[in-house]
Each structure stands twice: as C-alpha cells, then as structure tokens.
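Working notes, beginning with the structure itself.
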Amino acid sequence: MTELVQWLDDGSPHSARFNDRYRSRTGGLAQALTVFVNACGLPPRWRVRHEFTVLETGFGLGLNFLATWAAWEADAQRCERLNFVSVEAYPVAAGDIVRNVLAPGVPGDAEAQLQARLPALAQELARAWLGLRLGVQQFEFAEGRVRLTLAVGDVQPMLNLIDCAADAVYLDGFSPALNPDMWSFATLQAMANHCRAGTTLASYTVALGVRESLQQLGFSVRKRAGLPPKRHRLEAVL
Ligand SMILES: C[S@@+](CC[C@H](N)C(=O)[O-])C[C@H]1O[C@@H](n2cnc3c(N)ncnc32)[C@H](O)[C@@H]1O
C-alpha cells in the first residue's frame, strides 16, 4: 500500500495520482509553520492547556506533523501532551518522509533550530511507520508526550470513525480542483463534527467553495497574505 512519490528535478515531491506537489518547491518548513502552525495560534494556544489536539486532513509526507512536533519541543512553555490526529488514504514510504526533510529549504534564523531537528524526528517517525496498516493506529514519541493517531483510509469514513476533540485543524489535501473529495461539504462537515467553539483552522487554499462551506459550518473565515511564492492562505475559527 505504498504510494509512489515522484521527486522532481527541483527537489520537490510530486504525486502522479493527483498531479500536484506535496509541498512548495522551497521553504517547506517555513510554509508549514506560517500556513498551519502559527496560523492556528501555536505555540501560544497550547501554553495554556495541559493537552492540545491538532486534527489534519492529508498526512502526506508528515511535514506538518514534524514541524508541529519540532515547534512543541522547542517551546519551554509547551503543554504536557500534544495529540496529532491525521487522515491519509495513500501512505508514502518511510524513506520519502526522511528524504523530504533533507531536501534543501530556506530557513530563516528563527527556523534554523527547528530545521536542524527535523531529520532526527523524521527518523523516529520512519521507524514507527514500518508497522503501518489500514485503519486507525497510534504512535507515541517524546516519552509518550507526543501522540500521533493516524487513520489510514479515505478521508470521510475515517473522519467519521475517529474519536477526537480538535483544538486546531490543518486542512491540507491537494488542490481542491485536483482533489475534490478532500474539500467536499460532507468531508468538511465530518471534520467540523470534531471541533468546538474556539477551534482554529488553517489552510493554504482560499478557494471560494471551501470558504463558503466553512462559513456554513459556523467558521469565521479570513483570507490572509501567504508566504511567497504562495499568494494567500486561510485562517478560520469556529
Ligand atoms: C498536500 S498532501 C499533504 C501534505 C502533508 N500534510 C505534509 O505535511 O506532508 C495531501 C495528502 O492528502 C492525501 N489524500 C488525498 N485524497 C485523500 C482522500 N480522499 N482521503 C485521504 N487522504 C487523501 C494525499 O494522499 C496526500 O498525501
């Protein structure tokens, strides 16, 4: 069940199934931090909590998970436990997860420390990954303080299956035009069932249909300037 990742000449990982890149050509970590981690109000929001839960659609190469884990690890005021719950229908090989964080990025000063930690964290994830199977499974890292729940299967049934109270949501399917199932109203509704008042949500897409669906589901949505080369990103709160 290993999904083939095509490594393009520019070093970026590409999906033949969806004809889209897993991440932007450069600055993968910077994008993950800006578009997802910081956009959901992290690290500050987890500082006032004992336990904090992130729900993601599209685990892919695990970069958002690794970026969140690295940011949590580097934060002296981090919460006691970080739960990261993600859904993925087409898991990649462990080697691609490791290769992705070795690819050259353009970290700024603030990110250099996190960038330096990614290969070691990716190796830990890759070791756990070897036992991956279909369905819902949990992996523990950082002496049990970081818990990854991975639901391997199609997004909508998996969202309906998992038990999760999300404090933050990362929506990271491929482009809505190329990967409509990840952004359908039914999928977003299944995601929203795990949210509560105050849950923050972030995405790189500002597609009108996605914004309208989120608004219908009770999210207050804002279109924000993206980190170049991306023009926009989306922030929302329930
Ligand atoms: C842009 S990539 C995710 C990148 C990832 N968040 C990261 O940090 O590396 C989108 C992911 O969504 C997954 N995906 C696409 N359609 C899906 C579906 N119907 N159900 C579950 N996962 C799906 C793809 O296999 C791909 O791994």
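The shown structure was predicted, so the numbers you read here are calculated from the model rather than taken from an experiment. Counting starts at 1 for both ligands and their atoms, following the listed order.
- Crowding of R196 atom CZ: a count of heavy atoms from other residues, nucleotides or ligands under 6.0 Å exceeding 12.
- No path of Ile, Leu, Val, Met, Phe, Trp and Tyr side chains, each step under 4.5 Å between heavy atoms, connects L63 with L227, placing them in separate hydrophobic clusters.
- At a cut-off of 3.5 Å, with distance as the only test, a side-chain donor of E56 or N64 sits close to an acceptor on the other residue.
- Atoms of ligand 1 lying under 4.0 Å from any heavy atom of Y90, numbered from 1 in the order shown and given with element: 25 (O).
- Under the 4.0 Å criterion applied to side-chain N and carboxylate O atoms, E51 and R49 are not assigned as salt-bridge partners.
- Applying the 4.0 Å criterion to heavy atoms of L61 picks out, from ligand 1, the atoms 7 (C), 9 (O).
- Salt bridge D10/R21: present, at least one basic N to carboxylate O contact under 4.0 Å.
- Every atom of ligand 1 with a heavy atom of L63 under 4.0 Å away is listed here by number and element: 7 (C), 8 (O), 9 (O).
- A cation-pi contact links R17 to Y90, judged by a cut-off of 6.0 Å to the six-membered ring centre and 45° from its axis.
- With hydrogens left out, the protein atom closest to atom 15 (C) of ligand 1 is N179 OD1, 3.2 Å, a heavy atom.
- A side-chain donor-acceptor contact under 3.5 Å links W46 and D75.
- Ring geometry for F18 against F174 counts as tilted: the plane angle lies between 30° and 60°, on a 0 to 90° scale.
- Nearest protein heavy-atom neighbour of atom 27 (O) of ligand 1: E88 OE1, 2.6 Å.
- Nearest protein heavy-atom neighbour of atom 20 (N) of ligand 1: V155 N, 2.9 Å.
- Atoms of ligand 1 lying under 4.0 Å from any heavy atom of F18, numbered from 1 in the order shown and given with element: 15 (C), 16 (N).
- Using modelled atom types, one finds a donor on one side chain and an acceptor on the other under 3.5 Å when comparing Y170 with T68.
- In summary, the atoms of ligand 1 found under 4.0 Å from a heavy atom of G58, numbered by their order in the structure, are 3 (C), 4 (C), 5 (C), 6 (N), 11 (C), 12 (O).
- In summary, the atoms of ligand 1 found under 4.0 Å from a heavy atom of G153, numbered by their order in the structure, are 20 (N), 21 (C).
- Between the side chains of T200 and R45, at least one donor-acceptor pair of N or O atoms lies under 3.5 Å.
- Atom 8 (O) of ligand 1 has as its closest protein heavy atom N64 N, 2.8 Å.
- Nearest protein heavy-atom neighbour of atom 14 (N) of ligand 1: M182 CE, 3.8 Å.
- Under a 4.0 Å criterion applied to the non-hydrogen atoms of D154, ligand 1 contributes the atoms 18 (C), 19 (N), 20 (N).
- In this structure, the protein non-hydrogen atom closest to atom 22 (N) of ligand 1 is A89 N, 3.1 Å.
- When hydrogens are left out, the protein atom nearest atom 10 (C) of ligand 1 is D172 O, 3.1 Å; that is the closest non-hydrogen contact.
- Look at A67 and you'll find every heavy atom at least 4.0 Å from all atoms of ligand 1.
- The two residues L29 and A67 have their closest heavy-atom pair at CD1-CB, 3.6 Å.
- Residue-level proximity to ligand 1 for E3 is absent, since no heavy atom of it falls below 4.0 angstrom.
- Near G173, meaning under 4.0 Å from any of its heavy atoms, are these atoms of ligand 1: 1 (C), 10 (C).
- Look at M158 and you'll find every heavy atom at least 4.0 Å from all atoms of ligand 1.
- For ligand 1, one of its N or O atoms has an N or O atom of E56 under 3.5 Å away.
- Between F141 and W69, the ring centre distance stays below 6.0 Å.
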